[in-house]
Enquirer: 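Take this structure first; my questions come after.
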Amino acid sequence: MIMNLYLRLFSFYLVFCVFIIGCSREKSNIYSTSTLNINLEYTEYENTVDFKSGNEVGKVYKEEIPYNDDLYFEVSISSFPKTQFKSSSFRRVIPVGTTFRILVFDENNKYLLSGDYICGSLINTNIQLQANKNYSFIVYSFGKLTALPSLAINVGDDISVAKLLLASFEDVMSHTILNRVINQNNNTLSFVLKHTFTKIKTTIDASTVGLINSIGNFSVTNTFSNAEVKYTNQPTTPFNLNFSNLIPNRNLSSFVVSNDNKSALSDEQLIYADGIQSQSLILSAMSVNNIPKTNVTLLNYVFKPGVYYDVTIKLKSSIPDGYLIGNLYWALGNLIFENGVYKP
């Protein structure tokens with residue numbers, strides 16, 4: 001009897017221990033966590049459009065603007081293929097020390113937490129997430145080395161509450177990853193930050209017609225001073241843009257004339273363009289071959305957000321190639337130069 005009692009108690013003890021160990025393991029699996037790693041590779045534009053003179057393949061638009069009776073501006077607009085604009089010119093490594101923020105949302109796109117970090121190599125964060133669950137992430141940066149301003153969002157808020165209000169021409173870059181499973185073997189996220197707004201770089205080439213003597217102020221019409229980036233849970237449209245406070249005329253980077261006076265460059269500058277309003281690039285004054293002109297319109301176009309515009313504008317001669325004798329233009333090869341005069 002006593003022996004049977006001991007055997008029963010021992011068996012009960014074994015079953016109880018197995019039960020406790022099993023529960024402990026199950027609980028451990030349920031609450032296992034994974035530490036998030038972030039790889040911030042580079043920045044890029046959604047697209048880039050190159051405005052150049054000539055008959056490039058893929059040209060979609062051409063504009064000729066008179067300068068005077070003898071000269072005119074020629075602009076052709078060509079769109080680069082994606083493989084070309086994701087080159088070193090338009091896909092850039094993020095400088096070490098640049099600050100960025102990551103926002104973390106649960107499987108229902110409700111806000112959980114955020115963290116601010118500094119770009120470098122692979123970043124091991126202090127963010128621990130419950131493993132084997134879906135999460136969504138937003139990373140954004142202003143491309144600066146300074147701390148990011150606070151964001152008005154609370155735990156439990158929907159992803160649509162996350163928005164950036166901008167009033168100082170900030171160059172926002174961001175990348176959204178939706179519904180990603182995080183576990184011990186899949187805890188590193190790679191982000192490519194995409195520029196949100198428009199940048200313009202403009203070159204004037206007068207090499208075939210003469211010399212640029214001087215260039216006045218350079219400006220763009222119909223842009224905005226305020227913008228709102230409002231994030232969504234849609235993979236095809238990760239954010240919506242809203243613009244306000246239309247600026248009739250905003251100064252761009254001043255033109256710098258080359259040493260040989262044959263070209264001039266206005267370096268890249270960010271603008272808030274909504275892709276709806278039409279813009280004009282305007283020079284207050286310009287002198288070519290000592291021929292002055294004021295209020296010169298270089299380009300009329302609708303600039304789109306997230307696009308880098310590399311604008312090359314060539315000054316060309318309205319006069320046909322050759323030499324005018326009487327009422328006819330002669331090719332120089334059919335003329336002789338005698339006593340300072342071309343003759344047939």
Side-chain angles (χ1 to χ4, degrees), residues 42-65 67 72-95 143 169-173 192-209 212 215 217-224 241 250-275 277-283 286 288 296-316:
Y42 38 76
T43 67
E44 69 181 19
Y45 287 86
E46 288 292 341
N47 203 344
T48 185
V49 176
D50 195 39
F51 298 67
K52 283 187 176 179
S53 297
N55 296 317
E56 292 96 340
V57 175
K59 184 175 61 183
V60 296
Y61 178 85
K62 184 174 181 178
E63 186 170 350
E64 294 181 355
I65 301 171
Y67 182 84
Y72 67 93
F73 295 107
E74 181 189 82
V75 184
S76 297
I77 303 172
S78 303
S79 186
F80 274 18
K82 211 173 183 66
T83 53
Q84 284 184 260
F85 73 72
K86 286 187 174 179
S87 65
S88 59
S89 298
F90 302 104
R91 175 177 271 191
R92 298 170 179 173
V93 176
I94 302 174
F169 303 108
E170 295 280 4
D171 184 13
V172 178
M173 305 168 287
V192 176
L193 299 187
K194 294 178 172 57
H195 290 271
T196 305
F197 302 114
T198 309
K199 272 192 179 178
I200 301 174
K201 183 177 76 173
T202 307
T203 303
I204 299 176
D205 181 1
S207 59
T208 62
V209 298
I212 299 173
I215 294 187
N217 293 331
F218 186 38
S219 62
V220 60
T221 64
N222 296 335
T223 60
F224 298 86
L241 283 176
R250 186 195 171 202
N251 287 334
L252 295 175
S253 299
S254 298
F255 273 100
V256 177
V257 180
S258 63
N259 291 333
D260 60 6
N261 289 87
K262 292 183 178 181
S263 65
L265 172 66
S266 170
D267 207 358
E268 63 181 44
Q269 185 165 336
L270 179 141
I271 63 171
Y272 288 170
D274 63 358
Q277 300 281 336
S278 178
Q279 284 80 38
S280 297
L281 298 181
I282 297 175
L283 280 174
M286 184 177 186
V288 177
V296 182
T297 298
L298 297 176
L299 178 68
N300 297 300
Y301 200 70
V302 177
F303 293 107
K304 295 178 173 60
V307 180
Y308 187 106
Y309 291 90
D310 192 354
V311 182
T312 301
I313 299 174
K314 282 195 173 183
L315 265 168
K316 290 197 166 187

Enquirer: Is the charged tip of Arg92 near the ring of Tyr45: under 6.0 Å from the six-membered ring centre and within 45° of its axis?
Expert: no
Enquirer: Go through the structure and list residues passing salt bridge (Lys or Arg N to Asp or Glu O under 4.0 Å) with Lys199, not counting sequence neighbours.
Expert: Asp171, Glu268
Enquirer: Would you find a donor on one side and an acceptor on the other, under 3.5 Å apart, between the side chain of Thr198 and the backbone of Lys304?
Expert: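 Flag set: sc Thr198 to bb Lys304 pair under 3.5 Å.
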Enquirer: Look up atom CG in Asn251 and atom CZ in Phe218, then write down how far apart they are to the nearest 0.5 Å.
Expert: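 Rounded to the nearest 0.5 Å, the CG-CZ separation comes out at 10.5 Å.
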Enquirer: Just one of Ile271, Val172, Thr223 clears the side-chain contact (heavy atoms from CB on, under 4.5 Å) bar with Phe197, so which one?
Expert: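 Of all the options given, the one that passes is Val172.
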Enquirer: Please evaluate residues Phe303 and Gln277 with respect to the criterion side chain to side chain contact (heavy atoms under 4.5 Å, CB included), reporting the C-alpha separation (whole Å), side-chain torsions for both, the decisive distance (0.1 Å), and the verdict.
Expert: CA-CA 8 Å; Phe303 293 107; Gln277 300 281 336; over 6 Å; no
Enquirer: Do the side chains of Tyr272 and Glu170 get nearer than 4.5 Å, heavy atoms only?
Expert: yes
Enquirer: Side chains of Thr221 and Gln279: any donor to acceptor distance under 3.5 Å?
Expert: no
Enquirer: Could you tell me whether the side chain of Val311 reaches within less than 4.5 Å of the side chain of Ile200, counting heavy atoms only?
Expert: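 Counting from C-beta outward, Ile200 and Val311 do come under 4.5 Å.
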Enquirer: Checking the side chain of Gln269 only, and the main-chain atoms of Ser253 only, is there a donor and an acceptor separated by less than 3.5 Å?
Expert: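 Side chain of Gln269 to backbone of Ser253: a pair is present.
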Enquirer: Please confirm whether Tyr72 and Tyr67 have ring centers closer than 6.0 angstrom.
Expert: no
Enquirer: For Pro305 and Ala273, work out which heavy atoms get closest and say how close.
Expert: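 Smallest interatomic distance, heavy atoms only, reads CG-O, 3.1 Å.
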Enquirer: Tyr308 vs Lys201, test: side chain to side chain contact (heavy atoms under 4.5 Å, CB included). Steps then yes/no.
Expert: CA-CA 8 Å; Tyr308 187 106; Lys201 183 177 76 173; 3.9 Å; yes
Enquirer: Once rounded to the nearest 0.5 Å, what's the spacing between atom CD1 of Ile212 and atom CZ of Phe255?
Expert: 8.5 Å
Enquirer: Can you tell if the side chain of Arg250 reaches within under 4.5 Å of the side chain of Phe169, non-hydrogen atoms only?
Expert: yes
Enquirer: Can you tell me how far apart CG (Leu281) and CG (Leu283) are? Round to the nearest 0.5 Å.
Expert: 8.5 Å
Enquirer: In Å, rounded to the nearest 0.5 Å, how long is the span from CG of Leu241 to CG of Asp274?
Expert: 9.5 Å
Enquirer: Apply side chain to side chain contact (heavy atoms under 4.5 Å, CB included) to the pair Leu315 and Val288, showing each step before the final yes or no.
Expert: CA-CA 9 Å; Leu315 265 168; Val288 177; 3.5 Å; yes
Enquirer: Does the side chain of Thr43 reach to within under 4.5 Å of the side chain of Lys194, using non-hydrogen atoms?
Expert: no
Enquirer: Please check this pair: side chain of Asn300 against backbone of Ser280, looking for a donor-acceptor N/O pair closer than 3.5 Å.
Expert: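 Not confirmed, Asn300 side chain does not pair with Ser280 backbone.
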Enquirer: Could you give the distance from CG (Leu265) to OG (Ser254), rounded to the nearest 0.5 Å?
Expert: 11.0 Å
Enquirer: Roughly how far apart are Glu74 CD and Ile313 CD1, rounded to 0.5 Å?
Expert: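 One finds 11.0 Å between CD of Glu74 and CD1 of Ile313.
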Enquirer: With a 3.5 Å cut-off and no angle check, do the side chains of Ser263 and Asp205 form a donor-acceptor pair?
Expert: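 Distance-only check fails for Ser263 and Asp205.
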Enquirer: The criterion is side chain to side chain donor-acceptor pair (under 3.5 Å); which residues satisfy it with Tyr42, sequence neighbours excluded?
Expert: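 Arg91.
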Enquirer: Would you indicate whether the side-chain heavy atoms of Glu44 and Val192 approach each other to under 4.5 Å?
Expert: yes
Enquirer: So does Thr202 get a backbone contact from the side chain of Tyr309, meaning a donor-acceptor N/O pair under 3.5 Å?
Expert: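 Such a contact is absent between Tyr309 side chain and Thr202 backbone.
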Enquirer: Quick one: does Met286's side chain get under 4.5 Å of Ile204's, heavy atoms only?
Expert: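 In short, these two side chains touch, coming nearer than 4.5 Å.
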